Amino acid sequence: MSFQAETGILTQVDGSSQIQSQKTKIFCSVTGPIEPKARQELPTQLALEIIVRPSLGVPNTREKLIEDKLRAVFTPLITRYLYPRQLCQITLQILSSGESEQEFTQREVANSINATLLALIDAGIALNSMCAAISLAISSDDKLIMDPNDEQLKAAKSVHVLALELVESSTVVKNVLLLDSYGDFNEKQLFDILEQGEISLLKLGKEIRSIVESKIINSNLIIQK
Amino acid sequence: MASAQQQQQMHMILPGDSLPISETDLKSHRLVLGPGLYTDPKTLTIHPVNAGKLYITQNNNSNRINIHIDYESHRYIPHVNDLVIGCIVGTFADSYKVSLNSFSNSVSLSYMAFPNASKKNRPTLKIGDLVYCKVATAVKELEATVECLESGFGLLEDGMIIDSTGLKFVRLLLFDDQFPLLRLLASRTKFEIAIGVNGKIWIKADEIKDTLACYRSILDCSMCQSVDQFANIIKKHFQDLNTVAAATAATEN
Amino acid sequence: MTDVEETVEIQPISFPPEVFARISPELSLQRHLALGLRPSLRRFDEFRDIEINEDSLSRFNASHMMNEDSQNNILGSNVLKCGKTFVITSITGGIIEDTSTSLDEVDIGEKELLDIVEQEDSLNKYTSVYPVVEVERGRVGACTDEEMTVSQKLFDSLLHSRIIPKDSLKVQTGIRTTDENGVSQIIYPDEVNNVDGNDVDDSYKHVMPRKKWSYVLYAKIVVYSRTGPVFDMCWNSLMYALQSTRLPRAFIDERATDLKMTVRMKGRSTTIREAYDILCDPKKSLPLTLNDSNLAYASSFGIIDLDPEVALEEARKQEDKQEDVEMDKIDSILLADIDTEAEESSIYSTISLINNLKGDFKQLSIIGAGSRITPNMIRNAITLSKCRSQDLSQKIKK
């Protein structure tokens, strides 16, 4: 899986990122920690508000489900107890979904996770660890395809999103943050996905790392004389 | 400059990485944790939570290791003794409501936190006024408080506020004596400056054109890649505004 | 100065179990688990039993057939009781005109092209129902996030499970004819074929409409007295309801069959085609054909780390079992069928899966927001879910 990413593009928010992988293109902004509305406030931890806006039309239940999955991934990742009674607002604008929206969300979910991670780091929100996500598909001849495109998703027997929590310089997998699978698959294929996905995600984790590191080096230029 | 007594290491670090400190060092030294590090309350392990440069300073004379991560961010979180610029957004019976960052939780500035304050002698700040103040208390569960007790703090009149630089730039400007920007500006004009680590810089020169030139210079310098360009940026802005001012003066006459 | 003799006694406050569970659900859960029990008094791997009431609300149910002109428009239904929770699913339907061009209008070349495209898009042959989930909470207002996400997840899961083929929702229309005596009769070409055995199809072909229709199915799922996560209950109830669903036969009036007339207006001729009035037969219905091998049932699991301190406390209480609890080892356990507020609010790692009788998966979500999910945990969950699936499939009378 390869992708291009940029961070810190928006000036009116605390953190932002843009990610493009194949035909999927997503913009993410993060604002926080800010003052929450009374109903959002949690007495001991940071509240998360995640808003997903589709590339076409108005948000509906499909986007709500994507938000729900993103929340599941980022709730354990953010050091929530560092910001009691505060709110972090994450907004994702899908510029181009890169898949048939009626049937699939896999590419959008996987890329949204990566984009959100980059935007959170850009905003300086405390995180417990890094993560990486990828979409996968098993084709009709039982081959595992990493980062499938729209045609491959349509032809697939089953489609998946895998997100892993990475620690120790993105060399060790700490936990499965999300595995979301639909379609027809068996136990062996499930463990194949976890094993092969882990290999790909460790590689992807390194890529994300190098994006963050080059950003840090660039922002440090100013001190060197 | 690392002296013989002080060892300093620099290291790129991201959330979830392991700290490059040996177990024995951890046990035998007193650790002082700065920004970017978090102790898990359950497991009591220390791990980095922000992406940036890790500084580990070990002073051989005292049994102490200081660790912090220098990272860029845009939103300020109050810490005790920080110098900040706030905007009065509300008044209560005995305190002002002060905003340090748009949309962040506001902090409070008591009427008693001014020099010579008494029940009868109330400060006369209005909504919208800027104040230079110091963070007095900052507990993450509670509303932070600021104070203007010492001289030099208090109302900032006139001038201009620069708001959209990162927090890192502001820290450089305030704490790094070697940072050339202020000296370069001072060679051009006389000005007053207040730097708040909440990402706000207030600047005021005698003439509006100089204030504006300073404003534009600081804003551009905060975005450029190298300090070498500072002199040119400043030169350009002062020259531009001087020509404009001269031209306007000419037409008025 | 206080007297040294005076001692301050700190009285521990004690609460009845229900109050304690309310104020500190996590600790209450840990105390239960240390005893080898769950707050619901189930074993760790024990599911709640499910009672179902098949198809009692449906229009085509035998007991309702007496009352033919009833306004009941429910095509399939199910009432599921699981623990304290009731789930009522009712399936209703509608008829829409197929927008894709009917096949006899397409020339052969184009048809081949369509076939190739459809072959690659295997999902295109299947459809889903449009579910609305309502979780009753004793107040009205906008739907909650949970209701929306559960509905959407049901829709996605059903589509990707490939249970309802698009073909089985195609309407095979009949025609209502009125003979010279004014007696109406509805003829269904496929039925006539079956009776006589010879090909009568042709005689009706000229009156059959060229348009195609298909049914759309809606599912309304209402959950009463929710005590825990509801997705698996809603899915299972929907599965039962779909298996009981019957689609009404539909017919068009003879008078409305392909009526074409040419109208001349200011020199330009246009053809006006009569709009069909498609009506549903009040008595006759056909069962909904499902892809039976893909029928699958859902189960959910939670994973939680046992708090070693609580375990130690419990061990201390039982004097005979001393010091055999290791402090360093964190044990995590798999709990089947998450229920009660304590479990829902303090378990962050969950596995939810839908599998068919063969043990193949149709849907699976693993969320690891709390304790570590190990391959062994997943395997255990799979084994348990297979048994559960077997059990649930036997609840329905075939």
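Being a predicted model, the structure only gives us computed values, none of them experimental. Naming convention: chains lettered A, B, ... in sequence-line order (proteins, then strands); numbering from 1 in each chain.
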Side chain, backbone, both or neither: which part of A:I78 has a heavy atom under 4.5 Å from chain B?
neither
When heavy-atom pairs shorter than 4.5 Å are enumerated against chain A, which of B:K140, B:H47, B:Q229, B:R75 gives the highest number?
B:R75
Decide if atom NZ of A:K206 counts as having more than 12 heavy atoms of other residues, nucleotides or ligands within a radius under 6.0 Å.
yes
To the nearest 0.5 Å, what is the distance between CD on A:E35 and OG on B:S104?
8.5 Å
How close do B:G16 and A:V167 get, heavy atom to heavy atom, and via which atoms?
O-CB, 3.5 Å
Evaluation steps, side-chain contact (heavy atoms from CB on, under 4.5 Å), between B:V49 and A:T79
CA-CA 8 Å; B:V49 290; A:T79 316; 3.5 Å; yes
Is it the backbone or the side chain of A:S169 that comes under 4.5 Å from a heavy atom of chain B, or both, or neither?
both
Side chain to side chain, A:P36 and B:N105, heavy atoms closer than 4.5 Å:
yes
Roughly how far, to the nearest 0.5 Å, is CG of B:N50 from CD1 of A:I121?
9.0 Å
Test A:E213 against B:L14 for side-chain contact (heavy atoms from CB on, under 4.5 Å), laying out the working first.
CA-CA 8 Å; A:E213 283 178 351; B:L14 269 69; 4.0 Å; yes
Are A:D122 and B:H74 packed together at the side-chain level, in the sense that at least one heavy-atom pair is separated by less than 4.5 angstrom?
no
Chain A contact via B:L142 - which portion, at a heavy-atom distance below 4.5 Å
backbone
Counting heavy-atom pairs under 4.5 Å with chain A, which one of B:G36, B:P15, B:S102 comes out on top?
B:P15
Which distance, rounded to the nearest 0.5 Å, do you find between the OH of B:Y71 and the CD1 of A:I216?
12.0 Å
With a strict 4.5 Å heavy-atom criterion, list every residue of residues 37-62 of chain A that contacts chain B, or say none.
none
With chain B, which of A:S170, A:G15, A:A123, A:G32 has the greatest number of heavy-atom pairs at distances under 4.5 Å?
A:G32
Closest non-hydrogen atom pair, A:V212 against B:A51:
CG1-CB, 3.7 Å
Where on B:I77 is there a heavy atom nearer than 4.5 Å to chain A: the side chain, the backbone, both, or neither?
side chain
A quick test of your reading: do over 12 heavy atoms of other residues, nucleotides or ligands sit less than 6.0 Å from CD of A:Q4?
yes
Please state whether the side chain, the backbone, both or neither of B:F103 comes within less than 4.5 Å of a heavy atom of chain A.
both
Chain A contact via B:P41 - side chain, backbone, both or neither, heavy atoms under 4.5 Å
neither
Option that, when pairs with chain B are counted at under 4.5 Å, heavy atom only, ranks first among A:L77, A:L166, A:L82:
A:L82
Side-chain donor or acceptor of A:R85 paired with backbone N/O of B:E141 under 3.5 Å
yes
For residues B:S73 and A:G124, report the shortest heavy-atom separation together with the two atoms involved.
CB-CA, 4.3 Å
Taking B:D17 for the side chain and A:E168 for the main chain, is one N or O donor matched with an acceptor at less than 3.5 Å?
no
